[in-house]
Amino acid sequence: MQINGQNYQTIWLNEDGWSVDIIDQTKLPHQFQIENLTTVEDAARAIKDMLVRGAPLIGATAAYGLCLALRTDASNEAMEKATQFLNAQRPTAVNLRWALQVMQKHVADKQGDERIEAAYTKAAKIVQDDIETNRMIGIQGLSLIKELAARKNGEPVNVLTHCNAGWLATTQWGTATSPIYHAHKEGLPVHVWVDETRPRNQGASLTAYELLHEQVPHTLIVDNAGGHLMQHGQVDLCIVGTDRTAANGDVCNKIGTYLKALAAHDNNVPFYVALPTSTIDWTLNNGFDIPIEERSSDEVLKLAGRTQAGDLTEIDLTVPGVKAANPAFDVTPAKYVTGLITEAGIVEASPQGLQSIQEKAA
Ligand code: MRU
C-alpha cells in the first residue's frame with residue numbers, strides 16, 4: 001500500500017538476504033522509520049513494544065523471529081526455547097501461536113542449514129499468503145459495500161472502524177480496511193469514521209494515516225462519538241478486526257469494540273468482523289476464555305504526540321498518584337456480530353457458520 005505515493009508492505013527481508021525490515025509503528029504518523037531486526041530478541045521486542053502490532057503482522061514477525069533464532073542455533077532445543085520466548089510476548093492475538101506452530105511443523109524434520117533455509121521459505125510464504133488472504137477478505141466484503149451503495153443513490157457509504165485493522169496491522173490491504181480499499185479502487189463513494197482508539201490511539205495514528213495516504217475520505221472521531229453517529233443515521237456499516245475468534249463466533253478485539261457492537265445492535269447498524277481464518281481459535285468454544293492482555297498503566301496516564309517544534313514527546317494526562325487500569329482487548333459476543341468476513345466467504349458468527357469454512361481454513 002502507499003505512503004507518499006510509494007508502495008510498502010509492513011515486513012520484508014532486508015537486501016542482505018537474512019535480516020528483517022519493519023516499519024516502526026510507534027513513530028507513526030509523525031515519523032516514518034524503518035527498523036532492522038537481526039536477532040530473535042529484536043523480533044520479540046518489536047512485538048512486545050508494538051513496533052509491529054495487529055494480529056497477522058505479529059504472526060509474520062514471529063515467523064521471521066524464529067528464522068533469526070535458528071541462524072544462531074538450529075537445534076530442536078533452541079527452536080523450542082525461541083518459540084516459547086516469542087509466543088510469550090503478547091497473549092491475545094492467536095496468530096502469534098498459529099504462525100509459530102506452522103513454522104515448527106514445517107521445519108521439524110530438517111536439521112542445520114536445511115532447517116534455516118526451510119524456515120525462511122515458510123516465513124516468506126506466511127507473508128505472501130497473508131497478502132492474498134486479505135485481498136480475498138476485501139473482495140468478499142466489497143459485496144456488502146456495493147449493496148449499501150446501491151441503496152444510497154451516490155451518497156457515500158459511511159463505514160465505522162475501530163483501532164487499526166488496516167494494512168499496517170497485516171502485511172497488505174488490512175482486514176477491516178480491505179473491503180474499503182477495494183470499494184474505493186472501484187470508484188464507489190465510501191467514507192470512514194475512524195475511532196481514535198484510546199489509549200494508544202491506533203485509529204488516529206495509523207488508520208487515519210493509512211486512509212490519508214490512500215486518499216480514502218475519512219473523519220477521525222473520539223471513541224465515544226460512534227453511538228451518537230449511529231443514532232443519527234450517519235453510520236451504514238461497522239467493520240472491525242479481531243485478534244482471536246472463538247469457535248462459537250465470539251470475537252476478541254481492541255478494547256472498546258464491544259461498546260460499538262452494542263450501539264450498532266441498538267441502532268440496527270450491521271456490525272461485521274473481518275478476519276483471516278488463521279485468527280480463529282478452534283480450541284476455544286467461548287470468547288470469554290481468551291486471555292486479555294493487560295498493558296502498562298502508563299499508556300492510559302500519558303499521551304504521545306508531536307510538539308510544534310516537530311519533536312516526538314509524551315505528556316502526563318493527570319497528576320502523580322492517580323491509578324489506571326489498561327485492559328487492551330474486550331470480547332464481543334457472537335449475538336452482536338452480523339457476520340464474519342473471511343477469505344473463504346462471509347459467514348454467520350456461530351459454531352455452524354465457522355464450521356462451514358473450517359475445511360477451507362485447515
Ligand atoms: O494492540 P494492537 O494494536 O495489536 O491491536 C490490534 C487490533 O485490535 C486489531 O483490530 C486486530 O489485531 C486485527 S488486525 C487485522
Side-chain angles (χ1 to χ4, degrees), residues 1 3-4 6 8-16 18-69 82-83 85-97 99-100 103 123-124 126-127 130-131 163-172 174-175 177 197-210 213 241 243 254-255 293-296 298-300 302-306 311-314 326 328-329:
M1 306 293 284
I3 296 178
N4 291 327
Q6 203 176 322
Y8 284 95
Q9 61 185 53
T10 48
I11 186 164
W12 63 96
L13 210 55
N14 184 276
E15 56 193 23
D16 62 18
W18 66 270
S19 68
V20 180
D21 286 341
I22 55 161
I23 300 167
D24 179 354
Q25 299 190 21
T26 63
K27 303 280 188 331
L28 291 175
H30 303 299
Q31 288 175 6
F32 180 81
Q33 259 180 41
I34 291 170
E35 183 95 358
N36 182 244
L37 312 178
T38 60
T39 63
V40 64
E41 288 79 14
D42 283 352
R45 182 183 54 86
I47 294 169
K48 193 174 187 67
D49 294 348
M50 295 179 65
L51 280 71
V52 291
R53 23 70 50 207
L57 181 56
I58 291 170
T61 309
Y64 271 120
L66 194 62
C67 298
L68 295 171
T83 300
F85 174 55
L86 286 162
N87 198 30
Q89 299 307 316
R90 291 197 73 189
T92 302
V94 79
N95 301 60
L96 179 56
R97 183 183 81 194
L100 289 166
M103 291 292 289
I126 286 174
V127 169
D130 186 62
I131 296 172
C163 193
N164 173 261
W167 74 267
L168 288 165
T170 65
T171 48
Q172 282 281 11
T175 57
T177 55
T197 320
R198 278 285 289 153
R200 289 185 68 99
N201 294 314
Q202 289 96 326
S205 307
L206 305 175
T207 307
Y209 173 82
E210 275 192 41
H213 283 267
D243 280 76
K254 181 54 54 192
I255 193 80
E293 179 178 15
E294 182 75 35
R295 292 188 63 86
S296 163
D298 274 357
E299 292 182 351
V300 178
K302 294 173 189 297
L303 202 58
R306 187 176 62 178
D311 304 315
L312 296 192
T313 191
E314 242 179 25
N326 189 11
F329 297 93

Ring centres under 6.0 angstrom apart (Y8, F32):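 When the ring centroids of Y8 and F32 are compared, they turn out to be within the sub-6.0 Å range.
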At what distance, to the nearest 0.5 angstrom, does [atom1] of [X] lie from [atom2] of [Y]?
X    : Y    : atom1 : atom2 : result
L303 : T313 : CG    : OG1   : 10.5 Å
D21  : L13  : CG    : CG    : 8.0 Å
K48  : R295 : NZ    : CZ    : 7.5 Å
D16  : T38  : CG    : OG1   : 9.5 Å
I58  : M50  : CD1   : CE    : 7.0 Å

Matching residue for I11 among I23, T171, I126, V52 - test: side-chain contact (heavy atoms from CB on, under 4.5 Å):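 Among I23, T171, I126, V52, the one that satisfies the side-chain contact (heavy atoms from CB on, under 4.5 Å) with I11 is T171.
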Among L37, L86, D42, N95, whose side-chain contact (heavy atoms from CB on, under 4.5 Å) with T61 holds?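 Only one option passes, and that is L37.
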Under 3.5 Å, side chain of [X] to main-chain N/O of [Y], donor-acceptor pair present?
X    : Y    : result
Q9   : M1   : no
E210 : W167 : yes
T207 : C163 : yes

Which heavy atom of [X] sits nearest a heavy atom of [Y], and at what distance?
X    : Y    : result
V300 : R198 : O-NH2, 2.8 Å
D243 : F329 : OD1-CE2, 3.1 Å
A43  : G65  : CB-CA, 3.6 Å
P56  : T170 : CG-CG2, 3.7 Å
A82  : L66  : CB-CD1, 3.9 Å
L96  : A62  : CD1-CB, 3.3 Å

For R45 and E35, run salt bridge (Lys or Arg N to Asp or Glu O under 4.0 Å): C-alpha distance rounded to whole Å, both residues' side-chain angles, the deciding distance at 0.1 Å, then the answer. CA-CA 12 Å; R45 182 183 54 86; E35 183 95 358; 3.3 Å; yes
Between [X] and [Y], do the side chains contain an N or O donor and an N or O acceptor separated by less than 3.5 Å?
X    : Y    : value
N326 : E294 : no
S205 : N201 : no
N36  : S19  : yes
D24  : T26  : yes

Ionic contact status for K254 with E293, cut-off 4.0 Å: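 K254 and E293: not salt-bridged.
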Go through the steps to decide whether V127 and W12 satisfy the test side-chain contact (heavy atoms from CB on, under 4.5 Å), and finish with yes or no. CA-CA 9 Å; V127 169; W12 63 96; over 6 Å; no
Dump the intermediate steps for side-chain contact (heavy atoms from CB on, under 4.5 Å) on L28 and L168, then the final yes or no. CA-CA 10 Å; L28 291 175; L168 288 165; 4.0 Å; yes
Side chain to side chain donor-acceptor pair (under 3.5 Å), paired with N164, selected from Q25, R200, R53, Q202: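 Answer after filtering Q25, R200, R53, Q202: R53.
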